[in-house]
There are 4 protein chains.
Amino acid sequence: MPRIGAEPARRRELINAALQVIGESGTLEVSVKKIANKAGMSSALAFHYFGGKNQIVTETMRFLLSELTENMRSGLIGKSDPHQRLEAILEASFCASQFKRKTVAAWLVFYVHAYSSKSAARLLNIYSRRLESNLVHAYRQIFTNPSRAKKAAESTASIIDGVFIRHALRKSGPDRIEAIEICRSHIAAQVAASPTN
Amino acid sequence: MPRIGAEPARRRELINAALQVIGESGTLEVSVKKIANKAGMSSALAFHYFGGKNQIVTETMRFLLSELTENMRSGLIGKSDPHQRLEAILEASFCASQFKRKTVAAWLVFYVHAYSSKSAARLLNIYSRRLESNLVHAYRQIFTNPSRAKKAAESTASIIDGVFIRHALRKSGPDRIEAIEICRSHIAAQVAASPTN
Amino acid sequence: MPRIGAEPARRRELINAALQVIGESGTLEVSVKKIANKAGMSSALAFHYFGGKNQIVTETMRFLLSELTENMRSGLIGKSDPHQRLEAILEASFCASQFKRKTVAAWLVFYVHAYSSKSAARLLNIYSRRLESNLVHAYRQIFTNPSRAKKAAESTASIIDGVFIRHALRKSGPDRIEAIEICRSHIAAQVAASPTN
Amino acid sequence: MPRIGAEPARRRELINAALQVIGESGTLEVSVKKIANKAGMSSALAFHYFGGKNQIVTETMRFLLSELTENMRSGLIGKSDPHQRLEAILEASFCASQFKRKTVAAWLVFYVHAYSSKSAARLLNIYSRRLESNLVHAYRQIFTNPSRAKKAAESTASIIDGVFIRHALRKSGPDRIEAIEICRSHIAAQVAASPTN
DNA sequence: AATGAATGAGCCTTCATTCAT
DNA sequence: AATGAATGAAGGCTCATTCAT
């Protein structure tokens with residue numbers, strides 16, 4: 001997790017601007033100039049700080065993921081009950097600060113970008129594995145069968161992603177309550193369906 | 001060199017090429033020239049047939065969706081048992097011909113594109129509503145409570161999308177058996193969890 | 001004067017279409033396709049008939065000029081009085097059929113085109129000399145001094161062109177009555193100013 | 001390589017180059033690249049400074065007109081005698097610096113361009129009205145009848161334009177002495193023809 | 001630290017033109 | 001006679017990137 005706070009404020013402004021612009025346009029096809037100008041600086045300065053468009057994109061993605069990771073970490077602290085932990089994971093995944101239309105759109109853009117960008121894939125992978133590990137860990141305490149736990153984790157990760165992507169495309173903007181509810185009931189169904197495992 | 005009456009064939013070739021190129025690159029940022037060349041023609045001809053890059057993209061998307069729709073339609077024909085229908089929906093959603101890495105990637109690209117393109121959103125919407133209507137219809141026969149059916153449909157649609165997107169990013173390429181299995185078990189859990197509804 | 005009547009009707013239609021399109025757009029930057037389509041044929045056929053865009057333009061210009069020339073010729077026939085002849089020249093120059101906004105615009109376009117096109121310059125030159133010769137001939141009968149006649153002719157040709165161009169740019173469309181009146185009074189002033197010459 | 005604070009100079013160079021290129025070719029169909037290269041810079045820089053080809057053209061036209069306007073203004077300063085003023089208008093209209101073949105050609109091109117371009121028409125209109133107002137003002141002091149003055153102004157403006165356009169197309173290049181002489185004698189004839197008005 | 005100057009590369013698109021049918 | 005197929009060339013414009021100041 002890069003400590004962005006330690007970087008000059010200008011980098012933060014730029015990352016924020018990138019998030020805005022990418023989120024608004026739903027594309028990575030945004031010019032560095034547009035991002036830099038939104039951050040109130042010249043594009044040359046953006047290059048000075050980041051070295052290139054790729055890096056701006058990568059750092060912006062890293063920032064988004066690190067926020068999510070931090071949310072999850074802090075939400076899980078001190079909770080040992082698996083159900084509580086699953087709930088915390090949902091809360092973090094759809095946390096109000098991130099589950100806004102523009103942010104979700106940026107998320108999606110990065111998600112797809114990972115398909116063709118190695119560095120983006122790496123970043124996403126780290127986050128993805130952490131989420132899965134948290135899920136597996138929780139489900140292990142619920143299902144005695146490890147393979148069952150693994151499957152439940154995979155399935156839960158899938159529905160989180162699915163709900164995410166579907167809500168991103170809604171004109172009305174995503175509704176986090178509803179999103180969480182869908183995932184929560186998925187978890188409940190999973191558990192209920194295999195009571196003795 | 002000019003082949004007469006070649007319009008339909010040429011358009012198909014172009015759409016195929018677009019699918020390839022977009023699927024390979026995971027982006028809409030591909031030049032018309034690249035697509036046209038892959039289809040064995042000059043970019044000028046591509047413009048002659050489609051009128052512009054947007055139309056190429058739109059038509060390609062339409063093609064993908066129409067294939068999916070057709071798969072679903074033919075898979076559902078003559079099945080009245082709701083469980084069979086749900087299974088058919090899964091089969092169609094992850095049908096072997098479409099659930100290939102490149103196709104899935106193209107799918108994803110279009111999916112995201114719909115965020116910023118009105119015509120893409122419209123196309124996606126039509127397909128999306130059809131899927132949902134099929135799901136709701138099936139669940140209505142399983143759950144007496146209509147609201148329960150609606151929720152199950154939404155949840156199932158979500159997990160299908162989630163599994164789709166997750167498998168798209170796998171280096172190893174998507175595994176349709178596994179994908180279907182995850183969704184199938186989600187459906188089973190839904191049903192098992194609310195036996196009396 | 002090319003006998004256009006002897007050419008296939010298709011050429012005529014094409015020339016007419018070119019006149020329309022050029023007159024409407026006020027530019028030679030119109031595609032052959034647009035012209036051909038306006039004439040109800042494919043651009044390939046236009047090429048078949050004319051061999052190239054340049055020829056289409058040249059022939060169209062030739063047509064316009066030949067019409068003008070014919071008007072002038074028939075208007076002058078049988079008139080020997082110089083004042084009557086000058087009046088006939090004005091009538092022909094601003095003849096109702098040609099002095100329409102679109103036609104005048106096409107005229108202008110060709111006029112400017114002559115600056116950079118040899119063939120256009122040649123055509124214009126022929127017409128220009130004929131007009132001048134007609135003017136000089138008339139003025140010779142009015143002014144005994146040949147140099148005075150030459151000057152009057154040049155001056156009259158100038159004001160005809162000037163009135164033409166100014167009326168071309170009017171939003172309200174050119175007004176031939178007014179145009180002729182200006183030229184007529186110019187002629188009168190010329191004559192009145194040198195009564196004894 | 002970058003010169004700092006070069007914007008105004010660069011714009012001027014570009015405008016000059018545009019004038020050259022347009023004047024040489026007698027057409028607006030000149031690529032921005034050609035203009036920019038003539039000005040010793042890349043086309044991208046031209047776009048950077050002007051934003052588009054249209055603006056380059058418009059600014060070039062504006063420059064030409066402003067020069068003409070300035071010539072007229074300074075030529076009229078301190079002159080109150082109407083005949084002197086008319087003479088000054090002619091001098092300015094055919095001032096040596098502007099009445100060169102290439103400049104006149106550019107003028108013509110812009111003139112015709114005004115037919116299809118709103119912004120060009122606007123620019124031309126401003127200049128045109130100023131010229132007319134100057135002419136009317138002078139003739140009002142010569143003719144007591146205002147309608148007579150108005151007609152004389154219109155007629156003079158016409159002959160100026162006509163002489164301009166005719167001289168533009170001469171291979172030998174325009175001859176300002178002769179041009180002025182024609183207009184001068186037109187004015188004289190006007191005045192002589194209506195001595196008591 | 002910060003920016004305007006500057007450009008090469010590339011993209012979408014149009015067009016005149018040719019050719020086989 | 002007539003046209004769709006096909007393309008090379010060119011044009012306007014954008015953009016990531018570099019550099020001097």
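As the structure is a prediction and not an experimental result, all values here were calculated from the model. Just so it is clear: chains get the letters A, B, ... in the order the sequence lines come, proteins before strands, and each one is counted from 1.
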- prompt: Can you list, by residue number, the residues of residues 44-62 of chain D that have a non-hydrogen atom closer than 4.0 angstrom to DNA chain E?
  reply: D:Ala44, D:Leu45, D:His48, D:Tyr49
- request: Enumerate the residue pairs fulfilling salt bridge (charged side-chain N to carboxylate O under 4.0 Å, His left out) with a member in residues 107-121 of chain C, sequence neighbours excluded, ordered by first and then second residue.
  value: none
message: Filter on salt bridge (charged side-chain N to carboxylate O under 4.0 Å, His left out), then keep only pairs touching residues 17-42 of chain D, sequence neighbours left out; what's left?
response: D:Glu24-D:Lys38, D:Glu24-D:Lys102
query: Tell me: NZ of C:Lys33 to P of F:dA5, nearest whole Å?
result: 11 Å
task: Taking the side chain as every heavy atom from C-beta outward, state whether A:Val32 and A:Ile56 have any pair of such atoms under 4.5 Å apart.
output: yes
message: Rounded to whole Å, please give me the gap between CE in D:Met41 and P in E:dG4.
response: 18 Å
statement: Applying side chain to side chain donor-acceptor pair (under 3.5 Å) to B:Thr27 and not counting sequence neighbours gives none
Compile the donor-acceptor pairs under 3.5 Å between side chains in residues 41-51 of chain B and protein atoms, sequence neighbours left out, one pair per line.
residue: B:Ser42; atom: OG; partner: B:Leu45; partner atom: N; Å: 3.3

message: Could you work out, with side chain to side chain contact (heavy atoms under 4.5 Å, CB included) as the rule, every residue matching C:Phe110, not counting sequence neighbours?
response: C:Leu19, C:Ile22, C:Leu28, C:Val57, C:Thr60, C:Met61, C:Leu64, C:Ala106
- prompt: What integer distance in Å separates B:Lys34:NZ from E:dT13:C1'?
  reply: 20 Å
- prompt: What's the CG-C1' distance between A:Asn37 and E:dA2, to the nearest Å?
  reply: 13 Å
query: If each of D:Glu7 and C:Ser43 is mapped to the nucleotide of DNA chain E with the nearest heavy atom, which maps nearer the 5' terminus, i.e. the 5' end?
result: D:Glu7
field: Residue list, salt bridge (Lys or Arg N to Asp or Glu O under 4.0 Å) with A:Glu13, at least two apart or on another chain
entry: A:Arg10
- line: To the nearest angstrom, the CZ-P distance between A:Arg11 and E:dA2 comes to 14 Å
- request: Please round to the nearest 0.5 Å and tell me the distance separating atom OH of B:Tyr127 and atom OG of B:Ser66.
  value: 12.0 Å
Nucleic acid contacts of residues 19-31 of chain A, taken as heavy-atom distances under 4.0 Å to DNA chain E: none
message: Can you see if the side chain of C:Arg10 gets near the phosphate of F:dA2 - specifically, an N or O under 4.0 Å from OP1 or OP2?
response: yes
Five-pair end axes of the helix from E:dA2-F:dT21 to E:dT21-F:dA2, angle between them (10°): 10°
With sequence neighbours excluded, residues passing side chain to side chain donor-acceptor pair (under 3.5 Å) with D:Arg62: D:Glu59
- prompt: Residues two or more places apart in sequence or in another chain: which of them pass side chain to side chain contact (heavy atoms under 4.5 Å, CB included) with C:Asn125?
  reply: C:Arg129, D:Lys171
- request: Could I get the full list of ring-ring contact (aromatic ring centres under 6.0 Å, His included) partners for D:Tyr111, not counting sequence neighbours?
  value: D:Trp107
